[in-house]
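Below you'll find the structure, written out as C-alpha cells, and then a few comments.
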Amino acid sequence: MALQLLAAASLSYEVASIARQPRSPRAAVRAAAAATSFDLAAYMEEKRLLTESVLDASLSSTCPETDLIVESMRYSLMAGGKRVRPMLCYAATEMFGGSLEASSPTAVALEMIHTMSLIHDDLPAMDNDDFRRGKPTNHVLYGDDVAILAGDAMLSTAFEYVAKNTKGVPAERVVTVLAMLGQCVGPVGLAGGQVLDLKSEGKSDVGLDTLAWIHTHKTAALLKAAVATGAVLAGATDAEVAKCEEYALKIGLAFQVADDILDVTASTEELGKTAGKDLDADKTTYPKLMGLDKSKEYAAAAAQFAAQFFGRGRNSERARSHPPGRYAKQLVTEAKECLADFGDRAAPLNGLADYIIQRKN
Ligand code: GRG
C-alpha cells in the first residue's frame, strides 16, 4: 500500500497543478489553493495519505513482550495530526528532483520525533495535559511510566528507521540527515527550547528575544530539519540547503506564534488539545508580551496558516477579519525569497508559505 501510494504520488504530482480538483472539502483550503495556480489542496491530501500509510507500516510489535510499549507508541503515532513535517520533507525532496521513496524513512522519523515531543510535552512534569489530537493523552491511557518510555523508544526508533530503511542515497547524505535530526532534538533544538520555555513560566522579565529563541528551537528547529533533510536526501548543495533552512525558520516562527494565539482564542474542541493552558501556566507568549490585538497583527500570517491550512473554521473568520500586519507580510515575503532560485519547483513550499497570510495583491 505504501509503495503504491509512493508511485501514485510521484506520478500525479506532475499534473496536479493543471488537472486536479482539490479533494479536501475544506473551504479554507480550497480558497487558499485557488490563490495560487498550484493545487496545494490536492498536494497536501496526497502527502497526508502517503504519510499515514508509511507511518502505519513503520511500527509493529515483534514479540508478546513488546506488545504494550508498541501499542502505546502506535496509539500516539497514528492518532492523526496534520503531518506537516513529513509534508515539508517531501516537498523539499521533490523541489530538488529527489524520490519520495528515498525521503519516506526520514518523513517517518520526523513524525516520530514530533510525536515523541508531544507525548513528553503532555506529561504532568511538563505541560500536564490530558487531551491531544482530540484524544486522551498517552500517559492518561498508559500511565506516566509507559508514556515516558514510549517517547524514548519512539525517539530511538526514528534514528534506527532512517539508518535501516533509507535506500538509494549515498551514505554520507544519510549521515548528514541523522546529524540534522539529532541536532534538532538536543540542546539547540526541541529539548533546549522546551527547557527555556519551562523556566520562563511565571517570569515577568522575559523579552521578545528570549521568546523568539524558545520558538525557534522548540518548534522551528524540527520544521527546519524537515525541509533541510528533504533537500539533503535529494542532493541539494550546502548553499541550497541553507536557503531551505532560512525559509523554514521563518515559517516555523510563525507557526508557533499561531499556537500561542490559538491557545487563548480557540476552543478545546477546535484545537484537539486543552485550550488556555499557556495562560494557566503563566507561560511567556506573544499575547502575554504584546497583548492579543498586537500579536494578532504581528502574527496574522500564522493565524491564517492555522486557520486555513488546518481547517479551523472559527479561526478562518477571525483571520479574515485581521488583515496581515506588516511584519507578517515581510516574514512570508522573505520566506518565499529564500526559494526564489528554485522557480516553479518551489510551488509546494511557496504554497505553504502563502497560507501564512492572505495577500491582497
Ligand atoms: C525528550 C529529548 C526530548 C525532547 C522533547 C517535550 C519537548 C522536549 C519539547 C516540546 C516541543 C513541543 C511540543 C513544541 C510545540 C510544537 C507544536 C507547535 C506542536 C503542535 O504541532 P502541530 O500543530 O500538531 O503540527 P499535530 O497534532 O497536527 O501534529
Side-chain angles (χ1 to χ4, degrees), residues 44 47-48 51-52 55 75-89 107 110-129 131-135 137-139 147-159 181-201 211 213-226 248 251-263 266 270-275 277-278 281 283 285-286 299 302-303 305-312 315 352 355:
M44 284 165 47
K47 294 300 182 285
R48 191 190 65 76
T51 302
E52 293 299 331
L55 285 177
Y75 171 75
S76 292
L77 190 64
M78 302 310 295
K82 298 175 288 287
R83 312 309 193 187
V84 171
R85 292 146 192 88
M87 272 180 208
L88 288 170
C89 180
L110 289 159
E111 193 64 23
M112 283 185 176
I113 290 170
H114 172 53
T115 303
M116 170 283 295
S117 80
L118 299 181
I119 294 173
H120 282 191
D121 190 51
D122 291 333
L123 286 166
M126 300 219 195
D127 268 8
N128 192 18
D129 212 325
F131 197 51
R132 170 74 71 177
R133 290 175 163 171
K135 297 186 168 136
T137 44
N138 196 293
H139 67 272
I148 290 168
L149 292 164
D152 293 344
M154 192 103 74
L155 181 57
S156 69
T157 303
F159 289 89
L181 293 175
Q183 179 174 322
C184 82
V185 180
V188 287
L190 296 176
Q194 178 79 344
V195 166
L196 198 56
D197 191 13
L198 292 170
K199 296 305 164 197
S200 300
E201 280 177 13
L211 189 56
W213 199 95
I214 291 170
H215 289 343
T216 300
H217 294 83
K218 190 179 94 165
T219 299
L222 188 54
L223 299 182
K224 182 177 98 170
I251 65 162
L253 188 59
F255 192 95
Q256 179 63 51
V257 178
D259 240 53
D260 281 3
I261 293 173
L262 290 169
D263 184 76
E270 287 168 324
L271 290 177
K273 63 180 183 179
T274 311
K277 293 286 297 180
D278 294 347
K283 266 188 188 293
T285 63
Y286 281 92
F305 191 52
Q308 299 202 349
F309 182 33
F310 305 137
R312 291 169 185 163
N315 291 300
L352 295 180
Y355 276 97

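Bear in mind that the values here come from a model prediction, so they are computed numbers and not experimental data. Atoms within each ligand, like the ligands themselves, are counted from 1 in listed order. These values consider heavy atoms only, across backbone and side chains, with no hydrogens, waters or symmetry-generated copies.
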### Task
Just let me know how T219 lines up against ligand 1, side chain, backbone, both or neither, with a heavy-atom cut-off below 4.0 Å.
side chain

### Message
E52 and salt bridge (Lys or Arg N to Asp or Glu O under 4.0 Å): which single residue from K82, R83, K47 fits?
### Response
R83

### Query
For atom 4 (C) of ligand 1, which of M116, H114, E111 has the closest heavy atom?
M116

### Under the ring pair (Phe, Tyr, Trp, His ring centres under 6.0 Å) test, residues paired with H139 that sit two or more places apart
none

### Message
Taking side-chain hydrogen bond (donor to acceptor under 3.5 Å, both in side chains) as the criterion, tell me which of T137, D122, D127 meets it with R132.
### Response
D122

### Summary
Near R133 (heavy-atom distance under 4.0 Å), the atoms of ligand 1 are 26 (P), 27 (O), 29 (O)

### Query
Any sub-3.5 Å donor-acceptor pair from H217's side-chain atoms to W213's backbone N or O?
yes

### Task
Name the option, out of A191, G151, S117, that contains the heavy atom nearest to atom 6 (C) of ligand 1.
S117

### Identity of the nearest option to atom 17 (C) of ligand 1, non-hydrogen atoms only, from K82, K218, R85
R85

### Summary
A student checking ligand 1 against G81 at a 4.0 Å heavy-atom cut-off should list atoms 26 (P), 27 (O), 28 (O), 29 (O)

### Task
Please determine if E111 and R85 form a salt bridge, counting it only when a charged side-chain N lies under 4.0 Å from a carboxylate O.
no

### Task
Taking ring pair (Phe, Tyr, Trp, His ring centres under 6.0 Å) as the test, write out the residues that go with Y75, two or more places apart.
Y142

#### Entry: ligand 1 atoms in contact with V185 (distance to a heavy atom under 4.0 Å)
2 (C)

